Amino acid sequence: MNTETVKIKQGKTKTTQRISGSEAIIKCLLAEGVDVLYGYPGGAIMPVYDELYKYQDKIHHVLTRHEQGAIHAAQGYARVSGKAGVAIATSGPGATNLITGIADAQIDSTPVVCITGQVSSHLLGSDAFQETDIVSISTPVTKWNYQITKSSEIPEILAKAFYIAKSGRPGPVLIDITKDAQFGEFDFEYKKCEKIRSYNPVPKMDMAQVKAAAELINKAKKPFIVLGQGVILANAEEELKSLVEKADIPAASTLLGLSALPTEHELNMGMVGMHGHYAPNVLTNDCDVLIAIGMRFDDRVTGNLETYAKQAKVIHFDIDPSEIDKNVKTDVAVLGTVKETLSALIPLINPNKNEEWHKKFKDLHQIEHEEVIHPEINPTKEKLTMGEVINAINKETNGEAIIVSDVGQNQMFASRYADFKQSKSVVTSGGLGTMGFSLPASIGAKMGAPEREVVAIIGDGGFQMTIQELGTILQTKVPVKMVVLNNEFLGMVRQWQELFFDKRYASTVMTNPNFIKIVEGYGIQAKRVTKRENLSNAVSEMIASNEPYFLEVIVEKEGNVFPMIPSGATVSDVRLK
């Protein structure tokens, strides 16, 4: 590394460093505050790994066992830390193995920066060994991507990458760097990006729209809030709480909005959606003003759009203009970060009481409690249920754990029955629904919030999709707690087959290995529970452990998660059984 002093305007001087592109990448990461990254080495990214070796005291590289594990771990880290996660991979299959996680991050608005190696620039387009056009492949699922072919581009492009990933509506960015750009030397200087011409990540708030929203809310007799992850991404939890309390508005959450409002809050009516709670789903089609905050009206929330909340005036608070009127026609759209827009709204809201409206929620909740919730967490059947396992975890963690659920029945039971006392307590694959997400994401979540208990809730199917990441836990000793709910089925698909395909269980029966032996082979504590009387002690032992711990619970094979809105049905057609 050479240090040179060069003259700049007005006779001043500055010191630059002549370094390689690969060292510049590490210095850029350090300048952005990156202290951990997840990845897997290979030929086209080897120069960067060589530099990482020299910076082991400043950046912790986590060697995952698969590149998909790296991107999911980066997602978990980002979701709980509020910082951008970083994943790194080589060219060809290394890069393409990131795509599922990148797509997952895109639809769930998770800020991740992916760095991939690429063949040397003179080989581009020649079908060289492990050459893949990852820029074209990733374009539909990234917020931005770029291929660097000259080392001098590295500081500016990486600064833009972190700015774009974290600003506005967050999302994934991929930077592909040719091998010759990693080797090439240049005079390094880094400047954080704070603005990009023509890119306006936060639309300007229109106070007239805020006033129009306040007027509708103040006139409402039956107002209802549906909140999404936008509240959490904007750190607007206190503003949300102030609004619901001042106007006495019942609120329910999307899957990714869970934990923005504490579970125990009296105005928290639970979760909306296909397997959401009965009252908020039914009363969506009864409210007179529907207030959507930081959510995107996806199909699992709305059901049949032709019948969704047609009686209501709709107010939509969102940072992304493209979400306005995309699925549900709005009467008032308030653009901007919800922290800013709710702060402007609250002083305009009149204190209110909606006792008759609240009684409707309470009455419907009582029906659900008697027909669904109580039998699930206090079952009389012989076999353990998924709901009672989640309830046992609640009792042991006091609702203070981060719950990292996979996809399927385990995800819906976790979201319905877990208690959350603080924000950023839910990490799951929402929009893409990626099986195998939970295990690697829990590793990242624990690293992003080491002071908190992290519990991964996984089905036996999803567990086997990324089971190799047990090796990452073996090597890092990250003390995540893993709970596999084993029903020897692909449970959610089987449930649909039972209800809509006359119990033709086509390719959903799982013949599983001995998970305990496999996990113990990775040096991780493991226990299996088959009987109800052993559940509480096993969960207690797991949570008390200071090391990684695996708990397999054998649950009923044909248990179903209810309520349920059949695909294409209206939200008020929700089934209790």
Side-chain angles (χ1 to χ4, degrees), residues 255 275 372-373 375-379 381-397 401-419 426-429 433-442 454-467 469-470 480-496 498 505 508-516 518-519 524 526-543 548-562 564:
L255 175 63
H275 292 287
V372 178
I373 297 173
E376 179 66 34
I377 62 177
N378 298 284
K381 58 188 76 172
E382 179 185 353
K383 293 290 185 180
L384 286 157
T385 68
M386 292 190 185
E388 71 176 310
V389 177
I390 304 301
N391 194 47
I393 293 169
N394 283 339
K395 291 176 181 177
E396 206 58 46
T397 62
I402 294 171
I403 302 296
V404 186
S405 60
D406 212 79
V407 170
Q409 288 183 320
N410 65 87
Q411 179 186 42
M412 292 297 100
F413 276 109
S415 60
R416 282 182 49 80
Y417 292 97
D419 291 336
V426 175
V427 180
T428 194
S429 172
T434 305
M435 289 179 67
F437 174 87
S438 178
L439 180 56
S442 67
V454 173
V455 181
I457 306 295
I458 321 173
D460 47 314
F463 181 55
Q464 293 177 85
M465 286 195 169
T466 51
I467 194 170
E469 298 310 325
L470 291 171
V480 296
K481 310 300 168 61
M482 300 156 278
V483 180
V484 164
L485 303 175
N486 187 354
N487 58 7
E488 297 184 328
F489 267 113
L490 296 176
M492 187 62 84
V493 182
R494 185 215 56 77
Q495 178 169 334
W496 280 56
E498 176 186 336
Y505 295 158
T508 49
V509 176
M510 299 286 287
T511 300
N512 292 321
N514 187 323
F515 291 136
I516 301 300
I518 291 173
V519 174
I524 298 170
K527 178 171 284 190
R528 179 185 292 117
V529 173
T530 60
K531 296 181 179 180
R532 183 164 291 115
E533 56 266 29
N534 298 327
L535 177 63
S536 179
N537 286 340
V539 171
S540 179
E541 180 180 308
M542 175 183 73
I543 298 301
Y549 196 107
F550 175 86
L551 181 64
E552 178 187 13
V553 184
I554 308 301
V555 296
E556 57 179 335
K557 284 192 173 186
E558 295 182 75
N560 290 328
V561 53
F562 284 106
M564 179 180 184

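This one's a predicted model, so the numbers in the text were calculated from it and none came from an experiment. Residue numbers run from 1 in the order of the sequence given.
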**Q** Picking from D419, I377, V389, I403, what satisfies side chain to side chain contact (heavy atoms under 4.5 Å, CB included) with N394?
**A**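 Among D419, I377, V389, I403, the one that satisfies the side chain to side chain contact (heavy atoms under 4.5 Å, CB included) with N394 is D419.
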
**Q** Only counting residues at least two apart or in another chain, list the ones meeting side-chain hydrogen bond (donor to acceptor under 3.5 Å, both in side chains) with N512.
**A** D460, Q464, N486

**Q** Given side chains that start at C-beta, do those of D406 and M465 come closer than 4.5 Å, heavy atoms only?
**A**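 SC-SC contact between D406 and M465 ruled out.
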
**Q** So how far is it from I516 CD1 to E552 CD, rounded to the nearest 0.5 Å?
**A**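 Separation between the atoms: 5.0 Å.
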
**Q** Less than 4.5 Å apart, any side-chain heavy atom of Y505 and any of E498?
**A** yes

**Q** Taking the side chain as C-beta and beyond, is there a heavy-atom pair between F562 and E376 under 4.5 Å?
**A** no

**Q** Looking at side-chain heavy atoms only, is the closest gap between P513 and I518 below 4.5 Å?
**A** yes

**Q** Report, as yes or no, whether the 6.0 Å neighbourhood of atom CD on E533 holds more than 12 heavy atoms from other residues, nucleotides or ligands.
**A**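 For E533, atom CD is crowded (more than 12 foreign heavy atoms under 6.0 Å).
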
**Q** For M492 and H275, what are the C-alpha separation, side-chain angles and deciding distance, and is it a side chain to side chain contact (heavy atoms under 4.5 Å, CB included)?
**A** CA-CA 11 Å; M492 187 62 84; H275 292 287; 3.7 Å; yes

**Q** What closest approach, in Å, do V539 and A392 show between heavy atoms, and which atom pair accounts for it?
**A**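 So the two residues come closest at CG1-O, 3.8 Å.
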
**Q** Supply the atom-to-atom distance W496 CH2 to T508 OG1, rounded to the nearest 0.5 angstrom.
**A** 14.0 Å

**Q** I'd like to check the salt bridge (charged side-chain N to carboxylate O under 4.0 Å, His left out) partners of E388; sequence neighbours left out, ordered by chain and number.
**A** R532

**Q** To the closest 0.5 Å, what do you measure between CD (Q411) and CG (L485)?
**A** 12.5 Å

**Q** Can you tell me how far OG of S536 sits from CD of E396, rounded to the nearest 0.5 angstrom?
**A** 6.5 Å

**Q** Can you spot which of K383, R494, K381 makes a salt bridge (charged side-chain N to carboxylate O under 4.0 Å, His left out) with E556?
**A**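 Passing option: K381.
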
**Q** For residues V372 and P375, report the shortest heavy-atom separation together with the two atoms involved.
**A** O-CD, 3.3 Å

**Q** Can you sort out the partners of Q409 under side-chain hydrogen bond (donor to acceptor under 3.5 Å, both in side chains), two or more places apart, ordered by chain and number?
**A** N487, Q495

**Q** I need the minimum non-hydrogen distance between L439 and T466, along with the two atoms involved.
**A**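 Minimum heavy-atom separation between L439 and T466: CD2-O, 3.3 Å.
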
**Q** For residues I543 and V455, determine if any side-chain heavy atom of one lies less than 4.5 Å from a side-chain heavy atom of the other.
**A**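 A side-chain contact under 4.5 Å exists here.
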
**Q** Would you say the side-chain atoms of T428 pair up with the backbone N or O of S405, donor to acceptor, closer than 3.5 Å?
**A**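 Checked: pair present.
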
**Q** For S442 and V454, which heavy atoms make the closest approach, and how far apart are they?
**A** O-CG1, 3.8 Å

**Q** For the atom pair CD1 (I524) and NZ (K481), what is the distance rounded to the nearest 0.5 Å?
**A** 12.5 Å

**Q** Which residues satisfy the salt bridge (charged side-chain N to carboxylate O under 4.0 Å, His left out) test with E469, sequence neighbours excluded?
**A**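 E469 satisfies salt bridge (charged side-chain N to carboxylate O under 4.0 Å, His left out) with no residue once adjacent residues are dropped.
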
**Q** What distance do I390 atom CD1 and F413 atom CZ have between them, rounded to the nearest 0.5 Å?
**A**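 Those atoms lie 9.0 Å apart.
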
**Q** With side chains defined as the heavy atoms from C-beta onward, is the minimum distance between I457 and I393 less than 4.5 Å?
**A** yes

**Q** Partners of K531 by salt bridge (charged side-chain N to carboxylate O under 4.0 Å, His left out), sequence neighbours excluded?
**A** none

**Q** Quick check: do E488 and I554 have side-chain heavy atoms less than 4.5 Å from each other?
**A**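 The answer is no, as the side chains (C-beta and beyond) never meet within the 4.5 Å cut-off.
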
**Q** Are F463 and V519 packed together at the side-chain level, in the sense that at least one heavy-atom pair is separated by less than 4.5 angstrom?
**A**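 SC-SC contact between F463 and V519 confirmed.
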
**Q** My understanding is that only residues two or more places apart in sequence, or in another chain, count here; which of them pass side-chain hydrogen bond (donor to acceptor under 3.5 Å, both in side chains) with E541?
**A**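 Here the qualifying residues are K527, Y549.
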
